[in-house]
Engineer: 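Below you'll find the structure I mean.
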2 protein chains.
Amino acid sequence: MVQLLNNRSNSGDRVRRRAEGRRQEILRAAARVFRRRGFDTAGMREIAEEADLSPGNLYHYFNGKHEILYFCQDRALDTMLNALDRSGTCAGTVADRLTFVLTAHVRCILDDMEGAAAHLAVDALPGELRGHIVAKRDRYESGVRKLVEEGGQNGEFQVREPVIITRAILGSLNWTAQWFDPEGRKAPGDVAEIIAAYLIRGLKGDTRA
Amino acid sequence: MVQLLNNRSNSGDRVRRRAEGRRQEILRAAARVFRRRGFDTAGMREIAEEADLSPGNLYHYFNGKHEILYFCQDRALDTMLNALDRSGTCAGTVADRLTFVLTAHVRCILDDMEGAAAHLAVDALPGELRGHIVAKRDRYESGVRKLVEEGGQNGEFQVREPVIITRAILGSLNWTAQWFDPEGRKAPGDVAEIIAAYLIRGLKGDTRA
DNA sequence: TTAATAATTGAACCATCGTTCAATTCTACA
DNA sequence: TGTAGAATTGAACGATGGTTCAATTATTAA
């Protein structure tokens, strides 16, 4: 009896893992479509087709299109917040740590396998879902800004408007989704390094002045 | 008779000027709605309401939503190309000229009265309309890149990847539409100056290296 | 093997949106 | 003043897209 219950619990776990796997598949398919089309013109039928399901099946796993977007952005932000956290354990200068964060940001956005959606506007999300994403995004932005300010405090950077400069930096990174060509000559990692190096040089200032 | 014909010609001019004025009103209203909502979720009813017209009336002046977007972007790009052209007559360094162009770019995007739409993707435009806008956008981007390269050639800048760096710059500028708060403490001109200065510092490099 | 439940399908439903249209009003001209 | 044509209205139309649903299939457990 106990064994049977244990067996049921084990198969329950397997069923749950299969359902969770299906959710992740749908999220990856959705992120690819969101990146290709933008949220507003990405359709549920196209997402379903991309995930090899029927449109109605999406609603077995999610409460609707907004929730799919929510989880896509949540996942992308987790990836970025993770990189931000790991930068704290990096040896090296603040510039090194910021490089780590900025390159991870670009990789996340341009990732063809995962097809991040973090660069998409949160306006499309309703009420409470939006609140969660905005809070996470603000934590990430705040973390990046703190690195910028920390560099200012230890003399590596000269920045008088960290809020605006941090947004200028993030804007540059996010806009890569608009122009990056997966078939192009540069890999995402290369683009990430080039842009990060340039953006950080702008923080270091012109020592000749 | 000749006088009557002349009078008719004069009133014909007035009628045409009034029609053209109406078109400009509609374009400004549309640009505000496009900026607020994005092209895809901006509706013709909302544009009509913003312009104090009925929805059907829009079609008296334009062939459809796509054409309205086309003219909005065309106008914004004309403003930016104009700034680029005028920068050629500027006295001063390449950095001065680039500052002029970048600040004009940001002002254009954040302009509350004109509500530019140049940062919007061109994907929404069909065939030939898109071709025209892409060509103009490419001319503008090419012009900005030539300034970046010119600074590299005369020693003001150190840039090894001008294509990517130019896109990083334009991305930073375009993204300001996402976060700029018209009710905020900074005016568009201030934001433009701060961001342009930072982006150009990144071009100048780290002379300590 | 059977029954219960989950997963899946794909068409239908309803709301929305771009666009058209018949009717009305306005303007310009004779 | 009357007429022709432009401008305008706002509802209707057809297409689209998010979502629901009845029916079917698959899976799991007894």
Side-chain angles (χ1 to χ4, degrees), chain A residues 1-26 29-30 33-34 36-70 72 124-126 129, chain B residues 1-26 29-30 33-34 37-72 124-126 129:
Chain A
M1 185 60 147
V2 172
Q3 278 175 336
L4 286 176
L5 284 172
N6 281 347
N7 282 346
R8 197 171 84 182
S9 173
N10 284 346
S11 69
D13 280 352
R14 190 169 71 252
V15 164
R16 273 194 285 281
R17 281 200 303 272
R18 202 170 62 238
E20 187 50 35
R22 182 67 107 195
R23 278 173 62 95
Q24 293 303 317
E25 277 180 41
I26 293 172
V33 178
F34 288 150
R36 200 153 67 221
R37 301 248 181 252
F39 175 75
D40 297 310
T41 50
M44 293 295 269
R45 286 164 185 77
E46 189 173 348
I47 292 169
E49 193 175 350
E50 182 88 11
D52 275 321
L53 300 171
S54 65
N57 204 196
L58 298 176
Y59 296 85
H60 181 71
Y61 295 97
F62 295 96
N63 284 320
K65 193 183 180 190
H66 288 117
E67 202 181 69
I68 293 177
L69 176 65
Y70 168 80
C72 282
L125 291 170
L129 292 183
Chain B
M1 185 62 145
V2 172
Q3 277 175 335
L4 286 175
L5 285 173
N6 281 348
N7 283 348
R8 197 170 82 181
S9 173
N10 285 344
S11 73
D13 281 352
R14 190 168 72 250
V15 163
R16 274 194 285 279
R17 282 199 304 273
R18 202 168 65 237
E20 186 52 35
R22 182 68 106 193
R23 279 173 61 94
Q24 293 304 318
E25 278 181 40
I26 292 171
V33 177
F34 289 149
R37 301 246 181 254
F39 175 76
D40 298 309
T41 49
M44 292 295 269
R45 286 164 185 74
E46 188 173 349
I47 292 169
E49 194 175 350
E50 183 86 11
D52 276 321
L53 299 172
S54 65
N57 203 197
L58 297 177
Y59 296 86
H60 180 71
Y61 296 95
F62 295 95
N63 285 322
K65 192 184 183 189
H66 289 116
E67 202 179 70
I68 292 178
L69 175 66
Y70 168 78
F71 281 112
C72 282
L125 291 171
L129 293 183

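Per chain, numbering begins at 1; letters A, B, ... match sequence-line order. Atoms considered below: every heavy atom in the structure, side chains included; atoms not considered: hydrogens, waters and symmetry mates.
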Engineer: In whole angstroms, how far is the C1' atom of D:dA7 from the CZ atom of B:R23?
Structural biologist: 15 Å
Engineer: C:dG18 C1' sits how many Å from B:E46 CD, rounded?
Structural biologist: 14 Å
Engineer: At 4.0 Å (heavy atoms only), tell me whether B:L53 reaches a base, stays on the sugar-phosphate, or touches nothing.
Structural biologist: sugar-phosphate
Engineer: Mind calculating the distance between CZ (B:R17) and C1' (C:dA28) to the nearest angstrom?
Structural biologist: 15 Å
Engineer: Distance check needed: C:dT8 P versus A:L58 CG, whole Å only.
Structural biologist: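 So the two atoms are 10 Å apart, to the nearest Å.
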Engineer: Measure CZ/B:R14 against C1'/C:dC29 and give the value in whole Å, please.
Structural biologist: 12 Å
Engineer: Starting at CG of B:L69, measure out to CG of B:L129 and round the result to the nearest 0.5 Å.
Structural biologist: 9.0 Å
Engineer: When you measure from the side-chain N and O atoms of A:R18 to the phosphate of D:dT28, is any distance below 4.0 Å, counting only OP1 and OP2?
Structural biologist: yes
Engineer: Taking CD from A:E25 and C1' from C:dT8, how many angstroms apart are they, rounded to a whole number?
Structural biologist: 14 Å
Engineer: Salt bridge check: are A:E25 and A:R22 linked by an N-O gap of less than 4.0 Å?
Structural biologist: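 The answer is yes: the pair qualifies as a salt bridge.
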Engineer: Report yes if some heavy atom in the side chain of B:R17 is under 4.5 Å from a heavy atom in the side chain of B:R14; otherwise report no.
Structural biologist: yes
Engineer: Separation of B:F62 atom CZ from D:dA7 atom C1', in whole Å?
Structural biologist: 15 Å
Engineer: Partners of B:R37 by side chain to side chain donor-acceptor pair (under 3.5 Å), sequence neighbours excluded?
Structural biologist: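 Counting only residues at least two positions away or on another chain, B:R37 forms a side chain to side chain donor-acceptor pair (under 3.5 Å) with B:E46.
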Engineer: Would you say a side-chain N or O of A:R22 is under 4.0 Å from OP1 or OP2 of C:dT8?
Structural biologist: yes
Engineer: Should A:Y59 be listed as having a side-chain N or O under 4.0 Å from OP1 or OP2 of D:dT19?
Structural biologist: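 Affirmative; the distance criterion is met.
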Engineer: Listing time: all N or O pairs from protein to nucleotides 10-17 of chain D that are below 3.5 Å?
Structural biologist:
unit_1, atom_1, unit_2, atom_2, d
D:dA12, N6, B:R45, NH2, 3.4

Engineer: Output the single nucleotide from D:dT28, C:dA28, C:dT9 whose closest atom is nearest the side chain of B:V15.
Structural biologist: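 Nearest to the side-chain atoms of B:V15, counting from C-beta on, is C:dA28.
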Engineer: Under 4.0 Å between a side-chain N/O of A:Y61 and OP1 or OP2 of C:dT8, yes or no?
Structural biologist: yes
Engineer: Which pair of non-hydrogen atoms, one from B:I47 and one from B:A29, has the smallest distance, and what is that distance?
Structural biologist: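 Looks like O-CB, 4.2 Å.
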Engineer: Check A:M44 against A:I68 and note the closest heavy-atom contact, atom names and distance.
Structural biologist: CE-CD1, 4.0 Å
Engineer: Can you check whether A:H60 has a side-chain N or O nearer than 4.0 Å to OP1 or OP2 of C:dT8?
Structural biologist: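 Result: no.
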Engineer: The criterion is ring pair (Phe, Tyr, Trp, His ring centres under 6.0 Å); which residues satisfy it with A:F34, sequence neighbours excluded?
Structural biologist: A:F39
Engineer: Grab the CD1-P distance between A:I68 and D:dG18 for me, whole Å please.
Structural biologist: 10 Å
